[in-house]
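Every chain is numbered from 1, with letters handed out A, B, ... down the list of sequences.
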Amino acid sequence: MRHWLFKSEPSAFSWDDLWAAPRRTTNWSGVRNYQARNFLRDEIKKGDLVLFYHSSAEPTAAVGVAEVTREGYPEDPKDPTWYQVDVTAREPFTTPVTLAAMRKERALADMVLLKKGSRLSIQPVTPDEWRLIAKLGRRSRPKDALPPLTR
DNA sequence: GCCAACGTTGGC
DNA sequence: GCCAACGTTGGC
């Protein structure tokens with residue numbers, strides 16, 4: 001099982017939009033970059049986990065975990081140039097992991113997200129990076145609390 | 001709003 | 001195949 005980070009501008013589609021969607025699921029479409037397309041088409045598998053990242057937001061941050069529930073399929077079956085997957089929201093972070101917080105972690109220095117000029121909207125995350133970000137995202141969650149509302 | 005960095009397009 | 005021009009991304 002692999003890990004990924006998907007960017008979305010919350011003004012276009014936010015974590016809360018995904019959480020509110022039927023079956024908390026959406027088709028992740030509209031990606032128009034070939035490297036990201038190749039991930040969607042060839043490498044992202046059902047059961048992979050996704051960090052949902054808010055770009056162009058205040059703050060920019062990873063805000064929750066989603067799961068890939070359908071592998072890559074063409075947006076248009078007659079012209080299989082662009083691919084989509086389905087993702088289902090699994091867990092909102094109790095504490096969003098901001099871009100600034102990630103930059104402070106030496107262990108995350110090599111993250112694709114943090115590379116200068118990097119703007120890939122679908123990117124791989126290593127298991128170590130995932131572990132740390134998930135840990136940061138789950139801070140301060142009372143043991144016996146219900147999953148929090150996202151807003 | 002600014003602008004650096006990037007990806008794509010198209011003339012040659 | 002080169003590369004300038006252009007449009008977009010996304011942090012600040």
Side-chain angles (χ1 to χ4, degrees), chain A residues 2-21 24-45 48-141 148-151:
Chain A
R2 296 182 64 181
H3 302 94
W4 306 91
L5 181 148
F6 286 15
K7 290 181 190 170
S8 185
E9 298 192 20
S11 60
F13 189 81
S14 69
W15 169 265
D16 288 339
D17 292 332
L18 181 61
W19 195 259
R24 293 182 185 159
T25 298
T26 195
N27 58 315
W28 203 272
S29 60
V31 172
R32 293 294 180 269
N33 168 282
Y34 289 106
Q35 193 178 351
R37 186 281 308 271
N38 292 348
F39 287 140
L40 290 171
R41 187 188 60 191
D42 304 330
E43 299 199 41
I44 297 176
K45 299 303 179 187
D48 285 359
L49 295 178
V50 172
L51 283 173
F52 195 114
Y53 177 83
H54 281 166
S55 62
S56 298
E58 186 51 51
T60 54
V63 293
V65 175
E67 179 182 338
V68 176
T69 46
R70 183 176 174 186
E71 288 179 17
Y73 59 106
E75 291 187 13
D76 177 357
K78 291 172 194 152
D79 173 25
T81 302
W82 302 112
Y83 276 68
Q84 58 192 328
V85 300
D86 287 358
V87 295
T88 301
R90 288 297 181 224
E91 177 195 354
F93 282 154
T94 50
T95 306
V97 184
T98 64
L99 182 64
M102 290 189 248
R103 288 197 194 284
K104 288 178 185 164
E105 298 289 339
R106 292 201 60 186
L108 300 179
D110 291 332
M111 269 191 87
V112 176
L113 183 71
L114 304 187
K115 293 271 166 91
K116 187 178 176 190
S118 167
R119 52 185 220 194
L120 196 57
S121 65
I122 304 278
Q123 47 181 268
V125 173
T126 70
D128 285 346
E129 292 163 353
W130 181 276
R131 261 189 294 281
L132 177 53
I133 293 168
K135 186 180 83 175
L136 296 173
R138 290 165 181 149
R139 278 177 304 185
S140 304
R141 181 175 183 171
L149 298 174
T150 55
R151 192 176 288 289

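A:K7 is listed as a side-chain neighbour of A:R119, based on a closest heavy-atom distance under 4.5 Å.
Interatomic distance, CE of A:M111 versus CG of A:L5, reported as 5.5 Å (0.5 Å rounding).
Not counting sequence neighbours, A:Y73 has no partner by the ring pair (Phe, Tyr, Trp, His ring centres under 6.0 Å) test.
A:D86 places no side-chain N or O within donor-acceptor distance of the main-chain N or O of A:T69, the cut-off being under 3.5 Å.
Non-hydrogen atoms lying under 4.0 Å from DNA chain C are contributed by A:L99, A:R103, all within residues 98-114 of chain A.
Note on A:T60: only backbone sugar-phosphate atoms sit closer than 4.0 angstrom, heavy atoms only; bases stay farther off.
Separation of the A:F52 and A:W4 ring centroids does not fall under the 6.0 Å cut-off.
With hydrogens and angles left out, the side-chain atoms of A:T81 and A:D79 include a donor and acceptor closer than 3.5 Å.
Checking A:L40, A:V85, A:L120 one by one against A:V31, the side-chain contact (heavy atoms from CB on, under 4.5 Å) holds for a single residue, A:L40.
An OP1 or OP2 oxygen of B:dA5 is reached within less than 4.0 angstrom by a side-chain nitrogen or oxygen of A:K116.
Rounding to whole angstrom units, CG of residue A:L120 and P of B:dA5 are separated by 18 Å.
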Give me, pair by pair, the N or O atoms of the protein and of nucleotides 7-10 of chain B that are less than 3.5 Å apart, along with how far apart they are.
residue	atom	partner	partner atom	Å
B:dG7	O4'	A:R119	NH2	3.3

query = Could you walk me through whether A:E75 and A:R32 pass the salt bridge (charged side-chain N to carboxylate O under 4.0 Å, His left out) check?
reply = CA-CA 11 Å; A:E75 291 187 13; A:R32 293 294 180 269; 2.8 Å; yes
